[in-house]
Amino acid sequence: IVNITIDGIPVSCPETTLILDAAKMAGIDIPVLCYHPDLKVRATCRVCIVEVKGQKKFKTACGNEVWDGAEFITNSPAVRQARKDILELILAEHPQDCLKCVRNTNCELQKLARDFGISKPQFANKPNPIPIEDSNGVIVRDMAKCVKCGRCVEVCQEVQTVGAINTAHRSVEYEITTAFDRSLQDTVCVYCGQCIAVCPVGALYEKDETEKVWQAIADADKHVVVQVAPAVRVALGEEFGMAPGSIATGKMVAALRRLGFDKVFDTDFAADVTIMEEGNELLERMSHGGVLPLITSCSPGWINFVETFYPELLPHVSSCKSPQQMFGALAKTYYAQKAGIDAGKMTVVSIMPCTAKKYESARPEINGSGYRDVDVVITTRELARMIKQAGIDFNKLDDQEFDAPLGISTGAAVIFGTSGGVMEAALRTVYEVVTGKELVDVDFESVRGLTGIKEAEVDLDGKKVKVAIANGLKNARQILDKIKAGECDYQFVEIMCCPGGCIGGGGQPHGTTKAVREERMAGIYQADRELPIRQSHKNPAVTALYEEFLGKPLSRKSHELLHTHYHP
Ligand code: HC0
Ligand code: SF4
């Protein structure tokens, strides 16, 4: 513990504390642009400089730790002027078209410019004339807006270990780019969108497809149904001022109905179906000497990753389509037949916390209904935009219920949205199938939490099942390397591409940090506890689906509609 003062306020803190964090303890928010609490990027923008009593040079508050007896000044005229100069230099290179920018009103640079009262900048505005890259259908790169903070590079290289983007050149030429400056689709990018999630400005964003949704809704000939992913309901509220993790399911359903969707359904229904199919696939592999461990297949960034980096492990990956795609296939067959609707006149829209879901829905091999299973995928952020465009006062909406039958789901499905959830949902069902006994306590605490890698041994009434869970692709790599080396005896492995699982997806409201993920995770488990049915095989709509349509799990029809194959 060291004793320091910040603007005269005494603070005692461990000597490993950043000046930035020590200042927070004194109630002082030092402005930052490159710094992100989850990342190691430090001192590239220098907006956070402070004065140290007795020293001539400024120090960056994010790049330096405190030392005993130090006296920091964060708010002198010299500090304020220097920060303003730095900001004005950044703004001189930045296109000043905030009105048209996707990050207008939640851009970190815009906020700093406003806080610093930059109304008459000293330097002329000369942005780099870099064209916008908008050719891959998922992620748009407007590198003229890049402030070169390096957050996206760190996420892509260190957190995801993909390495699609990197820094290049030095000094004034310094830039963030892909190898050989290729388009993103010609790199190893898995479309996880984590780079978007950490970008402080509008340099990276998802391809906006809200116009397609508006058009479908306006087309009287179209029957437009919408599905919402588990993790959206605990994050959407943030766009309307709610605390992270607030459960906004009822208001979200009401908003979707007001937007004009003909049916408001739930990806969670299909998540329950996934458990029926994947749980039986696991049991089948375990009893017939199939390839183990079985690895989950629902996270599309992870599927892109395994196809690119570990194609030899593809036989481990479950043949189940993701819940999003299962939903689409069932909507255009089972539901269409039941409701007497021509599937050719249906539009299936997905609301996803994910950018890779846009890529997944466009995969040619995955469209088993005879049509494209899912027509349009929009992110949580895009949905919020639509609700705002429609002038819907989200917070005043009364809670409403999803439509039947594809809106009926269980607690097991909700927890898909957080790391460990697919595993737990599977265990809740597999236990009862294997033992024939009722599971008294459905909470499998050992597979929960935001730790990057979790391992557990689960006792299925005497039969032991070894499982592992990884979230974030760096952690996935560790498990995959072990499997490759034959060093593990897991039977079942869950891999989610994004840190924390879908709650931390690349399409979620901006401002996702570890603390926010924790809140969203808590919201997910609360939503699970509040549901009357918490096991997938007890979902009456799923039982009806098998009785009326599919027969049984892994049936021929299931295989046609709900399973797929991958590209090495
Ligand atoms: Fe997920 Fe899913 S849990 S991947 O994170 O499995 O995106 O929320 O929709 O499909 O259900 C995302 C979230 C989903 C799918 C489900 C799975
Ligand atoms: Fe890297 Fe993911 Fe961004 Fe692609 S989407 S550049 S893999 S962080």
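Remember, it's a predicted structure, so these values are computed and weren't measured experimentally. Start at 1 and go down the list; that is how both ligands and their atoms are numbered.
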S.K.: Could you tell me whether Glu360 and Arg363 have a side-chain N and a carboxylate O separated by less than 4.0 Å?
M.R.: no
S.K.: Which pairs of donor and acceptor atoms, one on a side chain in residues 159-167, lie under 3.5 Å apart (sequence neighbours left out)?
M.R.:
| residue | atom | partner | partner atom | Å |
| --- | --- | --- | --- | --- |
| Gln160 | OE1 | Leu473 | N | 2.9 |
| Gln160 | NE2 | Cys497 | O | 3.0 |
| Thr161 | OG1 | Arg477 | NE | 2.9 |

S.K.: Protein N/O/S atoms under 2.8 Å of atom 1 (Fe) of ligand 2?
M.R.: Cys156 SG
S.K.: Is it possible for you to check whether Arg448 lies under 6.0 Å from the centre of the six-membered ring of Tyr525, through NZ or CZ, and within 45° of that ring's axis?
M.R.: yes
S.K.: For a distance cut-off of 3.5 Å, show me each N or O of ligand 1 paired with any protein N or O, plus the separation.
M.R.:
| residue | atom | partner | partner atom | Å |
| --- | --- | --- | --- | --- |
| ligand 1 | 8 (O) | Pro230 | N | 3.4 |
| ligand 1 | 8 (O) | Ala231 | N | 2.8 |
| ligand 1 | 10 (O) | Pro323 | N | 3.4 |
| ligand 1 | 10 (O) | Gln324 | N | 2.9 |
| ligand 1 | 10 (O) | Lys357 | NZ | 2.7 |

S.K.: State whether the side chain of Glu519 and the backbone N or O of Val516 hold a donor-acceptor pair below 3.5 Å, judged by distance alone.
M.R.: no
S.K.: Would you say Lys557's side chain and Leu550's backbone share a donor-acceptor pair under 3.5 angstrom?
M.R.: no
S.K.: For ligand 2, which atoms sit closer than 4.0 Å to a heavy atom of Ile139?
M.R.: 5 (S)
S.K.: Can you give the donor-acceptor pairs under 3.5 Å from side chains of residues 226-236 to other protein atoms, not counting sequence neighbours?
M.R.:
| residue | atom | partner | partner atom | Å |
| --- | --- | --- | --- | --- |
| Gln227 | OE1 | Thr267 | OG1 | 2.8 |
| Gln227 | NE2 | Gln324 | O | 3.1 |
| Gln227 | NE2 | Ser350 | OG | 2.9 |
| Arg233 | NE | Pro230 | O | 3.0 |
| Arg233 | NH1 | Asp266 | OD2 | 3.1 |
| Arg233 | NH1 | Asp268 | OD2 | 3.2 |
| Arg233 | NH2 | Val228 | O | 3.0 |
| Arg233 | NH2 | Ala229 | O | 3.3 |
| Arg233 | NH2 | Asp266 | OD1 | 2.6 |
| Arg233 | NH2 | Asp268 | OD1 | 3.3 |

S.K.: Just go through Gly193, Cys498, Gly301 and tell me whose heavy atom is the nearest to atom 5 (S) of ligand 2.
M.R.: Gly193
S.K.: Run the ring-centre check on Phe265 versus Tyr335 and record whether the distance is less than 6.0 Å.
M.R.: yes
S.K.: Run the salt bridge (Lys or Arg N to Asp or Glu O under 4.0 Å) check on Asp528 and Arg428 step by step: do they pass?
M.R.: CA-CA 13 Å; Asp528 166 34; Arg428 288 181 188 181; 2.8 Å; yes
S.K.: When you measure from the side chain of His316 to the backbone N and O of Ile295, does any donor-acceptor pair fall under 3.5 Å?
M.R.: no
S.K.: Look at the rings of Phe394 and Phe240 and say which category their plane angle falls in: under 30° parallel, 30 to 60° tilted, over 60° perpendicular.
M.R.: parallel
